[in-house]
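The block underneath contains the structure these notes are about, expressed in structure tokens.
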Amino acid sequence: MHCHGGAASYYISYKSMLEKVETASFQIVRQIENNMDNDMHSKRNLLLSPYYNQQYIDDINAYASVNSESKFVIRQSFEDLYLKTFNTTPITDFVRFRIYYSTGEMMSSSNNSAHEEPAEVRNASWFKDTVNKDGRVNFINVPDSESISEERTIAYSTAILIRDFANPDQFIVVRADYSDSLFRSISQNADLTETSKFLVLDENNSPVYVSEGYSADLLQDILSRMEGKQGKFWFNHEDSQYFISYTRSEYSGWKTVLLMPKEEIVSPLNSIKTAVIYTGAFAFMITFLLSILLGRMITKPILDLHKSVNRIKRGDFSVGLDVNRRDEIGRIAMNFNAMRNELQMLIENKYIYQIKLQEAELAMLYSQINPHFLYNTLDSIKAMADYYSVEEISEMAQSLADMFRYNIKNSDEIVSLREELEQIEAYIRIQSFRFEGKFQYSVDVEEELYDYPILKMTLQPLVENAVFHGIEPMREKGRIVITARRYADGVHLSVSDNGGGMTEERLEEIRAALVRPVVQEQYLSLPSGVGIGIRNVYARYAIRYGTRMEFRIESNEGAGTLITLLLREEAAGKS
């Protein structure tokens, strides 16, 4: 009876032991996968360094068109950037990086490796795959490992495409090569048994890393049984039986496989058959404590990291990770905290700063053309002119007062084209007294555009610029024309004159200044002599609409000037 009870207890303990080892084995595989994913994600972030400074993106766009000296400077700047990046965040398995231009030209290599032919690079499968991923990291298995030194052999690589999102044809591809020390470190830290085998397979089930003592026949037999993204099963090979557990990473697409020999799993049971109950209780306690230990050492930090990532996705940068360990997870936590601090600094010091700077510049620009007190004085001048029957002074004061009222009648900076033209009429009346019929003024506007919304004081500064810089220096009679037309690319608002125009050098100087960014650390001013009109109109539309507007200036010396403001339909009327 006791024998049957002992046999039953042994059988139950045997089955329970196998189930627990299976569960623990699968948990180890999952934890190894998580460790690898976190490490791969950190390495991917290092490749994105150029996106933290717009200058590097501008250098990529300009590289094909600059001279050889400038190309050397650009190549050196990228090499210095990645040298600093990989030295600032030490990675034990990092071997080297290489930077390629979109043509296949090798721009830089951290270990001065021999330059490859551009055509060979462009036709390489890893280069094509990286380009096709268009900004997503490409994990590359290196089956024919290149030996850099006796201790450093390339096991795998990561590569990514870096480009301006508005310029898909010009880009660089950054490839970083790594040894297998990451896998060996994970294998050592996972508390695997001596005869257990740890494998990493790529998307095509080709080996990336294998433990010592592995055979190609064993791998082929295992692959025939592996189905789906994850699983576990017992497997017979030759005279041995193995427990196989595997899982596929959603991030890299690589599989992590753990092989544990059955003999090593059940061997302790063979020596304790006479003490089945005690052995079962002891095994249960060991397994329970092991689960708790694994949970505290691996699962909890991973969960904390997951929670922190979710907080950052929601925009909460207030809480970081506690770093109180020096293993792989501790280094991941340190890298995560560094990334969080850098992201928070970028948001606070870059975007918020630019928004505040734009608001301040808008307020400054409007303060230049929004007087809040002068029209009352002009009303008094008009009243005195009427009293003394000085009609011209009265009409000029009335017109100027109407212009000031137009500026401050409401706080809305969006007005209709009709309202803008009415206040230009007032301005023209004032100037007609001064110039005594020296110029003609006409309006050519499509009927449907009279109610088109534009920024207040859009055309008047341009008309004023035409009067003083174009018409006034002329001896003969001048002409100013305002035109508004809708074309396929948007609405064109133009102010033209037949005045003195400007030289080609002066025109290019002004155009060059207009293509520079408006929001800078110091306020942008156009070349002296251009006038507040062009400065003001261009700056306000550039700040508000950015690339959705285009500001064109055409002029020939002695033949007049044409200024055209192109507003694309999606930009019209938006505040």
Side-chain angles (χ1 to χ4, degrees), residues 358 361-362 365-366 368-370 406-407 412-425 427-428 441-470 479-499 501-502 506-519 524-527 530-556 560-575:
Q358 287 182 346
E361 289 182 356
L362 281 172
L365 290 169
Y366 276 111
Q368 294 177 333
I369 62 172
N370 283 338
Y406 170 78
N407 276 327
D412 191 1
E413 58 179 302
I414 302 297
V415 298
S416 67
L417 180 58
R418 186 190 311 277
E419 293 175 294
E420 183 79 357
L421 292 174
E422 288 175 354
Q423 74 95 23
I424 291 177
E425 290 286 350
Y427 173 76
I428 292 296
Y441 163 74
S442 61
V443 174
D444 184 9
V445 177
E446 292 181 355
E447 186 65 29
E448 64 177 28
L449 294 180
Y450 275 105
D451 294 325
Y452 186 79
I454 61 175
L455 294 181
K456 185 192 296 182
M457 296 297 286
T458 293
L459 299 178
Q460 189 277 335
L462 303 183
V463 172
E464 183 176 351
N465 191 75
V467 170
F468 286 98
H469 295 281
R479 182 179 68 257
I480 298 176
V481 180
I482 295 178
T483 306
R485 290 282 186 273
R486 175 179 272 113
Y487 296 99
D489 58 347
V491 174
H492 291 234
L493 302 177
S494 301
V495 176
S496 64
D497 65 76
N498 64 341
M502 63 185 78
R506 183 60 170 165
L507 181 60
E508 290 302 320
E509 182 183 3
I510 296 174
R511 286 174 175 171
L514 289 179
V515 300
R516 287 182 290 178
V518 173
V519 178
L524 170 66
S525 294
L526 296 183
V530 177
I532 192 174
I534 294 180
R535 281 204 306 270
N536 198 281
V537 174
Y538 169 76
R540 286 189 290 136
Y541 274 94
I543 291 173
R544 178 171 290 271
Y545 299 129
T547 58
R548 296 175 297 172
M549 77 88 186
E550 187 173 347
F551 199 86
R552 302 171 180 170
I553 302 180
E554 301 174 24
S555 182
N556 291 307
T561 301
L562 170 63
I563 298 179
T564 301
L565 177 64
L566 167 58
L567 299 177
R568 295 180 175 85
E569 289 300 315
E570 65 270 18
K574 292 184 180 181
S575 62

Measure from the side-chain N and O atoms of Arg540 to the backbone N and O of Met457, and report whether any donor-acceptor pair falls under 3.5 Å. yes
Return the CZ to CG distance between Phe551 and Leu566, rounded to the nearest 0.5 Å. 11.5 Å
Is there a donor-acceptor contact under 3.5 Å from the side chain of Ser416 to the main chain of Pro453? no
So how far is it from Ile563 CD1 to Leu493 CG, rounded to the nearest 0.5 Å? 12.5 Å
Point-to-point distance, once rounded to the nearest 0.5 Å, from CD1 of Ile553 to CD of Glu508: 10.5 Å
Using the test ring-ring contact (aromatic ring centres under 6.0 Å, His included), find all partners of Tyr541 that sit at least two apart in sequence or belong to another chain. Tyr545
Separation of Arg511 CZ from Glu509 CD (nearest 0.5 Å): 13.0 Å
Kindly give the heavy-atom pair with the smallest separation between Gly501 and Ser555, and that separation in Å. CA-OG, 3.3 Å
Apply side chain to side chain contact (heavy atoms under 4.5 Å, CB included) to the pair Leu565 and Tyr538, showing each step before the final yes or no. CA-CA 9 Å; Leu565 177 64; Tyr538 169 76; over 6 Å; no
Test: Glu550 and Arg552 ion pair at under 4.0 Å: yes
Of all heavy-atom pairs between Asp497 and Gly470, which one has the smallest distance, and what is that distance? OD1-CA, 4.1 Å
Supply the atom-to-atom distance Ile428 CD1 to Gln423 CD, rounded to the nearest 0.5 angstrom. 10.0 Å
4.5 Å side-chain heavy-atom contact, Val445 and Tyr452: no
When rounded to the nearest 0.5 Å, the distance separating CG of Leu462 from CD1 of Ile534 is 7.0 Å
Let me see the working for Asp444 and Ile482 under side chain to side chain contact (heavy atoms under 4.5 Å, CB included), right down to the final yes or no. CA-CA 6 Å; Asp444 184 9; Ile482 295 178; over 6 Å; no
Assess the residue pair Met502 and Ile510 against the criterion (side chain to side chain contact (heavy atoms under 4.5 Å, CB included)); give the C-alpha distance rounded to whole Å, side-chain angles, the decisive distance to 0.1 Å, and a yes or no. CA-CA 11 Å; Met502 63 185 78; Ile510 296 174; 3.9 Å; yes
Would you say the side-chain atoms of Glu420 pair up with the backbone N or O of Leu459, donor to acceptor, closer than 3.5 Å? yes
Does the Arg485 side chain pair with the main chain of Ser494, one donor and one acceptor, at a distance under 3.5 Å? no
Salt-bridge present (Arg568, Asp489; N to O < 4.0 Å): no
Yes or no on side chain to side chain contact (heavy atoms under 4.5 Å, CB included) for Thr483 and His492, after CA distance, side-chain angles and deciding distance? CA-CA 8 Å; Thr483 306; His492 291 234; over 6 Å; no
